[in-house]
Amino acid sequence: MTQYYGVVTELIKSRELENDELRPLYMDFQATTPMDPRVLDAMLPYQVNYYGNPHSRTHAYGWESESAMEKARKQVADLIAADPREIVFTSGATESNNMSIKLLEGTIRQDTSLVSVMTVNNEIGVRQPVEDIGRICRSRNVFFHTDAAQAVGKIPINVSDWKVDLMSISGHKIYGPKGVGALYVRRRPRVRMEPLQNGGGQERGLRSGTVPTPLAVGLGAACDIAQQELEYDHSRVSMLANRLVRKIMSEIPDVVMNGDPEQRYPGCINLSFAYVEGESLLMALKDVALSSGSACTSASLEPSYVLRAIGTDEDLAHSSIRFGIGRFSTEAEVDYTADKCIQQVKRLREMSPLWEMVQEGIDLKSIKWTQH
Amino acid sequence: MAASTAQVLSLYRKLMKESSKFPSYNYRTYALRRVQDAFRANRSVEDPKMVEQLLNQGRDNLDMIRRQVVEHLLSVHLSTVARRQSANHH
């Protein structure tokens, strides 16, 4: 290793960083997260030398791969206070969600139903009262599933305290690899499942298919790191979020934060800028990577269903931007984003006839708009 | 052998030096900040067993950072070389 290290460090002098320097600042941590270097480090041996199939029973390649997979399983379980036997590896939270819904087809009781709620919303960052929901579901004998993709590793989770029966976990939302996730399936009281994917009977028959050891190891490492760093990350992200919001709100009027101010995950901030169109603001902020709604529905022009659900005015819903702050965000990035945002909102408002009318004291809601 | 202040400082300096080699702004600033904050947080630890454990964790992290810096440099370099080569062909 040391002889190559010398050669590579010479590359430092000749490396071209201009490419990296000109890329936009990344402020879209809800869409996806970069892999933590510690995660990549854990995965590498399984991409290079330890490439065995974890289900091979007859040789060392299989045994070492299985051992890594089981270690990862325990790391995922520990993060949510579950038993490793209750963790099934999947291709991501979407597959886990679909598997949970399939549960209904496997149950025979007439009065059985399933409650499915997101732990932390990906558009506005609001945290649902999962403990209360869990308690109610348990008392009515109803299964409770939660998609915890945006919550795992960011807030403390305890599936027993929360009385959760099924929980979806996503790797690439917690600085782990893309293409892997997990489903927590409670053992006591028993949750009987119908598999979504049939085949060789892996993962206790619940999810057939070779478990991709490098990805599982990556997910496990991401969970392990998240557990260690939870407090540190949370206080840092909170500090950066407060800095961003306070700066913006102190410099420009008519800015609304969407979603409950208390019951939230601080790293997801959704702001509406009145009299400014969201898409034009996004384009004006081209050197910051942001979003105006969730990535999975960004192809449509309809305003966010989440904002509509919380009763946001139509025009404010079209003026919303989501700021995502994460483990690798810096004060400098937050300051730059806030400054640019303030500057562009002011500029766009100057060009807006609606803004001009508001400045003159006209109440827009009293106007009777006519057809042409 | 009890861990000395010199050992701790030496490890700290090595960690900071290696962390500064990350080509990416975000990884580089995170590593530097995290190392600094971790050493600061553990400043008053006195129990020698605990100190030894922390030093070992630090050494493991140092090895990890060295490996990751190499990996990241190779990734940046490969994309740079590809751009340079395509520029030469025109």
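Computation of the quantities below employed the complete heavy-atom set of this structure, encompassing side-chain atoms and omitting hydrogens, waters and symmetry-equivalent molecules. So that the names make sense, note that chain A is the first sequence line, chain B the second, and so on, each numbered from 1.
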Point to revise | Check: B:Ser24 and A:Phe328 side chains under 4.5 Å, non-hydrogen atoms | key: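 Counting from C-beta outward, A:Phe328 and B:Ser24 never come under 4.5 Å.
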Check your understanding: Is the shortest heavy-atom distance from the side chain of A:Arg327 to the side chain of B:Asn26 under 4.5 Å?
Key ->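 Side-chain contact under 4.5 Å: no.
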Taking [atom1] in [X] as the centre, count heavy atoms belonging to other residues, nucleotides or ligands within less than 6.0 Å. Is the count above 12?
X        : atom1 : result
A:Tyr61  : OH    : no
A:Lys178 : NZ    : yes
A:Tyr50  : OH    : no
A:Lys247 : NZ    : yes

Point to revise | Between CE on residue B:Met64 and CG on residue A:Asp41, distance to nearest 0.5 Å | key: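 Interatomic distance, B:Met64 CE to A:Asp41 CG, rounded to 0.5 Å: 6.0 Å.
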Point to revise | Reported CZ-to-CD distance for the pair B:Arg33 and A:Glu331, which is rounded to 0.5 angstrom | key: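 So the CZ of B:Arg33 and the CD of A:Glu331 are separated by 6.0 Å.
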Check your understanding: Which answer fits A:Arg38, side chain, backbone, both or neither, if we ask what part of it has an atom under 4.5 Å from a heavy atom of chain B?
Key ->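 For A:Arg38, backbone and side chain are both near chain B.
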Point to revise | A:Leu44, part contacting chain B, at a heavy-atom distance under 4.5 Å | key: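 It is the side chain, since no backbone atom gets that close.
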Review point. Would you say the side-chain atoms of B:Tyr30 and A:Thr330 include a donor-acceptor pair closer than 3.5 Å?
Key: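 No, no side-chain donor-acceptor contact under 3.5 Å.
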Review point. Hey, mind stepping through B:Asp37 and A:Tyr232 against side chain to side chain donor-acceptor pair (under 3.5 Å) and telling me if it holds?
Key: CA-CA 10 Å; B:Asp37 287 348; A:Tyr232 179 88; 2.6 Å; yes
Point to revise | Minimal non-hydrogen separation, A:Met35 against B:Tyr27, with atom names | key: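 Taking A:Met35 first and B:Tyr27 second, the nearest heavy atoms are O-OH, 2.6 Å.
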